[in-house]
Amino acid sequence: RAVRMIDDQSEKKLIAILNKVIKGTKITSDTLQLNLSEHGMDSVMFIQIIVAIEEAFSCEIPDTKLLIPEMNTPQKILDVLKTVLEEGGT
């Protein structure tokens with residue numbers, strides 16, 4: 001299976017997902033360190049984000065990462081996504 005990398009297009013796709021789910025906070029490539037929990041992300045939104053990421057990137061986020069502190073900034077989400085995609089997606 002080919003290794004898929006995170007590129008600018010993937011980052012834009014993730015940012016679009018975050019902005020769609022988390023209302024009232026404009027997430028950009030300049031705000032990747034933003035703590036999403038402090039900007040309105042609750043557990044329901046977190047699950048919506050995970051499902052949207054798994055669908056958009058055809059991957060499965062490991063259960064060990066399905067904790068808000070593990071993925072509470074756009075950068076942490078990108079890092080997890082990068083690892084998942086490099087390992088083959090599932």
Side-chain angles (χ1 to χ4, degrees):
R1 179 183 288 196
V3 174
R4 295 177 287 169
M5 303 296 287
I6 293 292
D7 55 15
D8 287 345
Q9 199 63 28
S10 299
E11 183 178 302
K12 288 176 185 167
K13 192 187 298 189
L14 173 65
I15 289 170
I17 290 168
L18 295 173
N19 281 318
K20 183 177 179 184
V21 176
I22 302 171
K23 308 291 186 211
T25 298
K26 181 69 175 158
I27 297 159
T28 68
S29 59
D30 295 325
T31 59
L32 294 180
Q33 299 305 324
L34 192 72
N35 186 326
L36 300 174
S37 298
E38 295 174 3
H39 291 273
M41 182 180 74
D42 60 18
S43 57
V44 173
M45 289 179 191
F46 180 68
I47 296 302
Q48 291 172 330
I49 291 166
I50 297 302
V51 169
I53 289 169
E54 290 181 341
E55 289 176 359
F57 291 93
S58 301
C59 67
E60 186 175 330
I61 306 296
D63 290 347
T64 56
K65 295 295 182 184
L66 294 180
L67 302 167
I68 291 175
E70 292 284 332
M71 297 175 67
N72 64 350
T73 70
Q75 187 61 58
K76 286 182 182 179
I77 296 170
L78 276 171
D79 292 344
V80 168
L81 186 57
K82 179 177 187 257
T83 300
V84 168
L85 295 179
E86 287 175 353
E87 290 174 356
T90 55

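The closest side-chain heavy-atom distance from I47 to V51 is below 4.5 Å. Taking the side chain as every heavy atom from C-beta outward, T73 and L34 never approach each other to under 4.5 Å. Put simply, the side chain of M71 does not reach to within 4.5 Å of the side chain of I49, judged on heavy atoms. Between L14 and E11, every side-chain heavy-atom pair lies at or beyond the 4.5 Å cut-off. When side chains are defined from C-beta on, I15 does not count as touching P74, because their heavy atoms never get closer than 4.5 Å.
Distance check: Q75 CD to K82 NZ gives 10.0 Å after rounding to the nearest 0.5 Å. Q48 contributes atom CD, which lies 10.0 Å from atom CD1 of I22 (distance to the nearest 0.5 angstrom). Atom CD1 in I27 sits 14.0 Å away from atom NZ in K20 (nearest 0.5 Å). Annotation: the span from L78 atom CG to S10 atom OG amounts to 8.5 Å, rounded to 0.5 Å. Going from atom CD1 of I53 over to atom NZ of K13 covers 11.0 Å, rounded to the nearest 0.5 Å.
Minimum heavy-atom separation, I68 to S43: CD1-CA, 4.0 Å. The two residues E70 and T64 come nearest to each other via the heavy atoms CG-O, 4.0 Å. Taking each heavy atom of I17 and F57 in turn, the nearest pair found is CD1-CE1, 4.5 Å. Residue M45 comes nearest to M41 through the heavy atom pair SD-CA, 3.7 Å, listed as atom of the first residue, atom of the second, then distance. Of all heavy-atom pairs spanning N19 and T25, the tightest one is OD1-O, 3.2 Å.
Contacts of E54 classified as side chain to side chain donor-acceptor pair (under 3.5 Å), with partners at least two apart in sequence or in another chain: none. Under the side chain to side chain donor-acceptor pair (under 3.5 Å) criterion, K76 pairs with N72, not counting sequence neighbours.
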task: Could you go through the side chain to side chain contact (heavy atoms under 4.5 Å, CB included) check for L18 and I77 one step at a time?
output: CA-CA 10 Å; L18 295 173; I77 296 170; 4.0 Å; yes
